[in-house]
Amino acid sequence: MNSRISFSSIVFLLAALAASIILSSKLAKARAVDCVTVAQGQSPMDGGLGKFISHINWMRLIQLRGTVDTMGGDKAAGLLAKKYNEITDHDPMFAAAYEEGALDLGWQNPQESLNLLDKAMRVSKLNDWKIPFMAGFIAKTRLKDPARAIAYVEESIKHPDCPGYVQRYLINLKSEVANGDPMVTLNLWTEYYEAGRAPKDSIEPRMGRGVLRPRIAMRTNTLAEADRHMALTRISQLSSKIIADAQAAQATEKEPGRKKELQDKIDNVGKIVNQVYGGIHICSKCFRPFSAGDNFCVFDGTKLQPYGTCPKDGTVTRDAYCQKCGTKVN
Amino acid sequence: MNDMMTICKTTYTRVIRTRSLYVLLAAVLMLVGVTHLYADLTGGRQAQLMYDTGGGVLTLVGLFSALMVTFDIARDLREKVAMTLLSKPLGRSQYLLGKFCGIVWIMTVNLFILSAGVMLVLHLEEGTWRADFIKLAISTWGAMVMTTALGVMFASFLGELSAALLTLFVFVAGHATAGLYYGTRAFKVLGGMLPGFCLVNFKTELGNNLGISWDLIALAVAYALVYSAVLLSMATIFFNRRDIA
């Protein structure tokens with residue numbers, strides 16, 4: 001047995017070992033910021049081939065999916081859940097496996113489906129609004145648990161690329177939890193509309209010449225045109241309904257305290273509507289905007305106080321003076 | 001130094017003359033290319049499959065290249081070539097370093113050819129150059145340098161089969177130790193002493209277009225090289241104590 005171990009070898013070994021401990025710690029710290037981190041116990045022994053193996057498992061799953069309907073519900077769900085979990089263990093960023101897996105399992109075993117989506121939400125770099133949205137959708141439709149669905153959908157709307165319909169879905173869920181209370185729902189829609197409003201709000205001038213139907217979006221707002229239209233329509237409908245109900249109740253109510261309460265409610269809704277529409281002319285009954293020159297509301301036939309017309313010849317104008325006779329327009 | 005380079009060159013020349021190596025590399029590239037036909041089987045994910053197959057193939061080829069060192073050292077010892085070499089004024093550490101450098105050279109050439117081939121195949125598939133594959137190739141190279149050093153370390157005191165199997169086992173296990181680096185200080189120190197292959201593996205991130213910085217790749221390669229130095233110095237100590245007469 002040869003026993004030539006030089007002192008310098010030992011010193012070099014120890015120095016290199018110390019350097020490697022320091023470097024590994026630094027590297028792990030840097031990885032924690034830039035790389036994918038998963039929950040503990042999710043590191044399969046795949047020798048760094050995890051992503052490649054996940055593709056192989058994905059292809060095998062597609063083949064299996066064609067035969068799985070012949071099995072019983074729970075058995076099939078258990079098998080599919082196992083397969084989807086295997087794929088996502090090897091590649092924690094496999095968003096399609098989480099999403100398709102959740103929809104696949106959602107019909108057979110919603111809890112397994114939510115477990116898969118919960119796992120996806122624990123992956124640090126998987127910033128996909130669809131995952132919590134799907135979880136909310138499954139909790140609502142399959143588990144009939146709107147409170148749980150709200151928690152998921154609230155996660156989804158934190159993502160900047162989350163589309164508007166997810167926010168509207170959240171409004172519907174919250175409204176459902178509040179048993180459809182119109183006042184709660186009105187506040188939710190108002191919040192949605194107001195949240196989309198640009199920081200420096202501005203009201204557009206009166207309608208353009210010859211424009212007979214008003215454009216619904218009156219204010220600068222970051223919501224898409226269709227989303228704004230939908231929000232304002234819902235606000236108008238709900239306000240109209242709340243006020244109509246309150247007025248009907250007021251007519252039959254004898255107690256002054258209760259009457260005042262109803263009047264406060266009407267005033268409050270009026271304030272909300274005015275805040276949303278700003279200085280725009282709206283029908284006093286259905287709370288929808290009307291155009292210059294309109295005498296009756298096109299939605300419910302209510303008599304309106306017209307504006308933007310020449311007091312002499314009735315010409316509709318957007319300017320200070322009538323273009324036909326030069327009369328000053330109010 | 002010259003003696004070490006001679007051993008390095010001899011090791012490299014002996015392997016690089018093997019024609020089957022080129023056939024193998026061509027077959028592997030073809031394997032990456034045919035993933036283009038997997039559109040139906042993957043549900044339209046053939047481009048991702050191609051990238052990840054490329055990454056997987058780099059790992060496998062690098063791993064097999066690295067494992068060669070365990071067989072090469074054992075063969076030298078079995079065929080008494082090592083004794084002849086060591087009877088000359090050549091240190092045992094120089095012999096081991098020469099073998100290590102020779103195998104790393106082969107592995108580097110193999111990875112270079114494969115990376116260029118895979119990038120070309122990816123370009124043909126996607127119409128753009130996937131420059132991030134270079135990062136993947138470099139990080140894989142770092143991991144394979146570490147694997148080669150591990151192979152040298154095991155081959156310095158074990159037989160060829162046991163050294164190769166143990167290298168393979170540590171390589172696989174080293175990819176599943178990520179939890180150590182995020183635990184208590186004791187676990188972190190333990191993690192630093194073990195080969196952290198999981199730290200130099202960026203396939204999940206790069207395959208999912210997460211955009212890993214060059215700084216991180218450089219840090220990973222630096223770690224791989226330093227850890228290889230640890231393994232090689234251990235190999236030298238073991239080999240110096242080994243009775244090879």
Side-chain angles (χ1 to χ4, degrees), chain A residues 1-6 9-38 40-56 58-63 65 90-96 100 125-126, chain B residues 38 41-43 45 48-49 52-53 55-57 59-60 63 92-93 140 143 168 171-173 175-179 181-182 188-189 191-193 196-205 207-208 210-213 215-216 219-220 222-223 226-227 229-230 233-234 236-237 240-244:
Chain A
M1 178 75 73
N2 201 323
S3 61
R4 290 169 295 171
I5 304 173
S6 66
S9 306
I10 300 287
V11 170
F12 180 79
L13 170 64
L14 292 176
L17 196 58
S20 97
I21 291 169
I22 293 165
L23 270 177
S24 69
S25 174
K26 267 192 152 189
L27 186 53
K29 254 187 204 167
R31 281 187 67 102
V33 177
D34 291 343
C35 298
V36 179
T37 52
V38 291
Q40 281 191 336
Q42 245 181 275
S43 300
M45 300 273 271
D46 54 25
L49 297 170
K51 210 149 173 342
F52 175 67
I53 295 170
S54 75
H55 283 293
I56 303 289
W58 176 250
M59 286 190 276
R60 290 178 64 200
L61 175 79
I62 290 172
Q63 300 303 308
R65 199 59 197 86
H90 287 295
D91 180 7
M93 293 285 291
F94 206 140
E100 290 181 28
K125 298 282 172 186
L126 196 57
Chain B
Y38 280 55
L41 281 174
T42 56
R45 297 177 61 85
Q48 288 101 313
L49 174 68
D52 297 329
T53 306
V57 152
T59 303
L60 289 176
L63 184 63
R92 291 186 180 201
S93 53
T140 307
L168 195 62
F171 175 79
V172 173
H175 277 93
T177 55
Y181 303 95
Y182 304 103
K188 281 179 187 167
V189 171
M193 291 165 82
F197 286 104
C198 54
L199 294 177
V200 288
N201 178 22
F202 298 99
K203 288 187 190 74
T204 302
E205 288 78 14
N208 287 299
L210 277 188
I212 295 298
S213 67
D215 290 351
L216 191 55
L219 189 62
Y223 164 73
V226 169
Y227 197 81
V230 172
S233 54
M234 280 165 76
T236 309
I237 291 168
N240 277 334
R241 289 179 62 84
R242 186 171 179 172
D243 188 359
I244 54 170

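For the numbers below, each heavy atom of this structure counts, side chains included, while hydrogens, waters and symmetry mates do not. To find a chain, count down the sequence lines: A is the first, B the second, and so on, and within it residues start at 1.
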Does any backbone or side-chain atom of [X] lie under 4.5 Å from a heavy atom of chain B? Answer side chain, backbone, both or neither.
X     : answer
A:A15 : neither
A:L27 : both
A:Q63 : side chain

Measure the spacing between [atom1] of [X] and [atom2] of [Y] and express it to the nearest 0.5 Å.
X      : Y      : atom1 : atom2 : result
A:F52  : B:T53  : CZ    : OG1   : 4.5 Å
A:M93  : B:T204 : CE    : OG1   : 9.0 Å
B:T42  : A:I56  : OG1   : CD1   : 10.5 Å
B:E205 : A:K51  : CD    : NZ    : 10.0 Å
B:L49  : A:W58  : CG    : CH2   : 12.5 Å

- For each of B:S93, B:G211, B:C198, tally heavy-atom pairs with chain A at distances under 4.5 Å, and name the one with the top tally.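 Result: the option with the highest number of such pairs is B:C198.
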- Message: Under a 3.5 Å distance rule, please check whether A:S20 uses its side chain to pair with a backbone N or O of B:G192 as donor and acceptor.
- Response: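 Answer holds: yes.
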- Any donor-acceptor pair under 3.5 Å from B:R45 side chain to A:H55 backbone: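 Checking the backbone N and O of A:H55 against the side chain of B:R45, no donor-acceptor pair under 3.5 Å is found.
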Distance-minimising heavy-atom pair for [X] and [Y]:
X      : Y      : answer
B:V226 : A:A16  : CG1-O, 3.5 Å
A:D34  : B:S213 : OD2-OG, 4.1 Å
A:L13  : B:V230 : CD1-O, 3.5 Å
B:I237 : A:S9   : CG1-CB, 4.2 Å
B:F171 : A:G47  : CE2-O, 3.5 Å
A:M45  : B:A176 : SD-CB, 3.6 Å

- Task: Just do the side-chain contact (heavy atoms from CB on, under 4.5 Å) check on A:F94 and B:Q48 with the steps written out, would you?
- Result: CA-CA 11 Å; A:F94 206 140; B:Q48 288 101 313; over 6 Å; no
Engaged part of [X] at the chain A interface, taking heavy atoms whose separation is under 4.5 Å:
X      : answer
B:I212 : side chain
B:L219 : both
B:Y223 : both

- Task: Check the pair B:L216, A:C35 against side-chain contact (heavy atoms from CB on, under 4.5 Å), reporting the backbone distance first and the verdict last.
- Result: CA-CA 10 Å; B:L216 191 55; A:C35 298; 3.9 Å; yes
- side-chain contact (heavy atoms from CB on, under 4.5 Å) between A:K125 and B:N208: does it pass, once the steps are laid out? CA-CA 10 Å; A:K125 298 282 172 186; B:N208 287 299; over 6 Å; no
- Message: Tell me if the CE atom of B:M193 is crowded by more than 12 foreign heavy atoms within 6.0 Å.
- Response: no
